[in-house]
Amino acid sequence: MSVLRRLLLGLIGLALVGSIGWSSVHRPEQVTILMPAPFADATAEQVERFNADHRGRIHLNVTRGPRDTESISDLAISSLLLGAPPFDALLVDVTWLPKYVAAEWLQPLDPWFDNDDIASLVPGARLGNSVEGELYRWPFGADVGLLYWRKDLMPEPPQTPQELIQLARRLTDAGDVNEGFVWQGRQYEGLSCDFVEFLSAFGGSWLDPATGAPQLDSAAARATARWMQELIRSGASPLAVSNYAEPETLQAFKAGDAALMRNWPYAWAELQSDSSAVRGNVGVTTMVAEPGGNPAATLGSWGFSLLRSSAHQQATAEAIRQLTSLEAQRERFLAQGYTPTATSLFQDPELLKTSPVLPQLEEALSIAVPRPITPLYAQMSDLLQRQLSGVLTGDREPDEAMERLQGATITLLRSAGGKA
Ligand code: GLC
């Protein structure tokens with residue numbers, strides 16, 4: 001090689017090293033968060049603002065995942081199992097946490113959120129973020145099941161399961177609405193959420209609170225399954241609910257086709273929009289309950305969890321803090337109707353003016369009931385959905401379905417070494 005050529009190569013090498021060195025110093029730290037698509041859309045502007053505020057230092061990327069909790073959890077778990085997930089944080093549904101913590105995928109958030117931060121949350125938003133005293137999730141918004149009712153069709157909402165059936169039937173028989181009571185009857189996680197509320201209404205619980213043993217063949221659980229079937233058989237709910245998820249339910253109620261709806265708080269903003277046929281005619285309360293039952297509202301909600309594998313923990317925590325700040329919560333509530341988590345915002349005059357139902361949301365959050373807190377939750381819920389779905393389509397008798405469900409749940413817990 002000629003001297004000149006060597007010199008030239010040397011110079012090129014130097015230039016390359018120099019440019020890599022320069023860009024690694026100046027390239028912002030890349031942070032990636034996986035979110036279900038609706039939440040990715042809801043935060044798009046806030047992410048842009050975060051990136052503008054941190055220009056040259058941190059760049060936040062959001063990966064839009066599937067909407068349904070099962071699908072996005074499958075996606076996250078597949079990449080976590082492969083070992084090098086392309087994410088620094090995940091938006092995590094409240095039911096995923098025990099499994100993700102048991103698998104040691106998550107990093108405790110205690111260095112970035114202290115007791116004052118926790119004390120600023122409404123009680124319902126404090127649930128489901130910690131495992132064995134360690135904080136692993138910071139809530140993005142509060143979420144809890146609600147009963148929406150039509151003020152123009154009834155002077156007050158029904159109080160008991162039987163009242164609900166009678167009222168829904170009266171209104172459908174009279175032709176006032178086509179669909180009576182709409183809720184989430186499709187075979188997916190929404191069905192489990194509705195079941196938790198209905199079961200509580202009859203005084204039951206999925207697992208015995210004291211022993212953790214399944215209670216799915218109790219008198220209350222059987223009565224719940226019978227009532228769910230009766231809703232459809234009696235015509236109080238259309239057969240179509242056995243294929244409804246949240247969007248179909250909201251669509252029917254918003255179009256003025258239904259008298260009562262079970263859904264989450266986000267529905268309120270949509271019902272007040274210009275395209276809503278029921279704007280101004282909607283009341284919000286919690287699910288009906290038998291006199292001996294407990295009014296309950298299923299605890300929902302998504303929150304940010306930091307992955308242990310992330311090489312950008314500090315930068316990711318900064319992004320999580322900004323996306324969950326008071327300002328971000330207020331904006332999302334006003335623009336999209338996502339319920340805030342900070343107690344102070346529930347008393348905020350501007351928010352109360354936009355949404356006079358905030359006090360009802362706060363009240364529902366105070367009676368929020370979590371789904372079973374176990375790493376086996378996804379499998380338990382799957383068993384429940386299969387049996388209940390058969391009940392709703394009329395393929396299975398409620399008592400028989402609940403007995404089978406109890407047996408299958410015990411087998412699952414035993415095979416995993418859990419309590420049964
Ligand atoms: C809502 C809730 C979530 C629940 C899901 C079911 O997104 O926040 O906890 O699992 O609905 O569809």
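Order of listing sets the numbers, starting from 1, for every ligand and every atom in it.
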_Sidechain N-carboxylate O distance under 4.0 Å for Glu327, Arg49_ = no

*When the aromatic ring centroids of Trp302 and Trp96 are compared, is their separation below 6.0 Å?*
yes

_Atom indices of ligand 1 within 4.0 angstrom of Glu189 heavy atoms, with elements_ = 10 (O)

Please tabulate, one pair per line, all N/O donor-acceptor pairs under 3.5 Å involving side-chain atoms of residues 389-401, not counting sequence neighbours.
residue: Ser389; atom: OG; partner: Gln187; partner atom: OE1; Å: 3.4
residue: Thr393; atom: OG1; partner: Ser389; partner atom: O; Å: 3.0
residue: Thr393; atom: OG1; partner: Gly390; partner atom: O; Å: 3.3
residue: Thr393; atom: OG1; partner: Asp395; partner atom: OD2; Å: 3.1
residue: Arg396; atom: NH1; partner: Arg386; partner atom: O; Å: 3.4
residue: Arg396; atom: NH1; partner: Gln387; partner atom: OE1; Å: 3.2
residue: Asp399; atom: OD1; partner: Arg226; partner atom: NE; Å: 3.1
residue: Asp399; atom: OD2; partner: Arg222; partner atom: NH1; Å: 3.0
residue: Asp399; atom: OD2; partner: Arg226; partner atom: NH2; Å: 3.2
residue: Glu400; atom: OE2; partner: Arg404; partner atom: NH2; Å: 3.0

_Out of Val144, Asp194, Thr69, Asp93, who is nearest to atom 10 (O) of ligand 1 when you count heavy atoms only?_
Asp93

*Checking Thr343 side chain against Ser120 main chain: does a donor-acceptor pair fall under 3.5 Å?*
yes

*Under a 4.0 Å N-O cut-off, is there an ion pair linking Asp176 with Arg170?*
no

_Sub-4.0 Å atoms of ligand 1 with respect to non-hydrogen atoms of Tyr188_ = 12 (O)

For residues 195-210, dump all side-chain donor-acceptor pairs below 3.5 Å to protein atoms at least two apart in sequence or in another chain.
residue: Glu197; atom: OE1; partner: Arg262; partner atom: NE; Å: 2.9
residue: Glu197; atom: OE2; partner: Arg262; partner atom: NH2; Å: 2.9
residue: Glu197; atom: OE2; partner: Thr298; partner atom: N; Å: 2.8
residue: Glu197; atom: OE2; partner: Thr298; partner atom: OG1; Å: 3.1
residue: Ser200; atom: OG; partner: Asn294; partner atom: O; Å: 3.0
residue: Ser205; atom: OG; partner: Leu207; partner atom: O; Å: 3.1
residue: Asp208; atom: OD1; partner: Ala210; partner atom: N; Å: 2.7
residue: Asp208; atom: OD1; partner: Thr211; partner atom: N; Å: 3.2

*Residue and atom name of the nearest protein heavy atom (relative to atom 7 (O) of ligand 1), distance in Å to one decimal*: Trp302 NE1, 3.0 Å

*Return the option from Leu191, Asn263, Val92, Asp143 holding the heavy atom at the smallest distance from atom 8 (O) of ligand 1.*
Asp143

*When you check the side-chain N and O atoms of Ser237 and Trp183, is any donor under 3.5 Å from an acceptor?*
yes

*Within-cut-off N or O pair, Ser301 and ligand 1, under 3.5 Å*: yes

*Any idea which protein heavy atom is nearest atom 12 (O) of ligand 1, and the distance to it?*
Glu246 OE2, 2.7 Å

*Which atoms of ligand 1 are found less than 4.0 Å from any heavy atom of Gly300?*
2 (C), 8 (O), 9 (O)

*Give a yes/no on ligand 1: does Arg371 have at least one heavy atom closer than 4.0 angstrom to it?*
yes

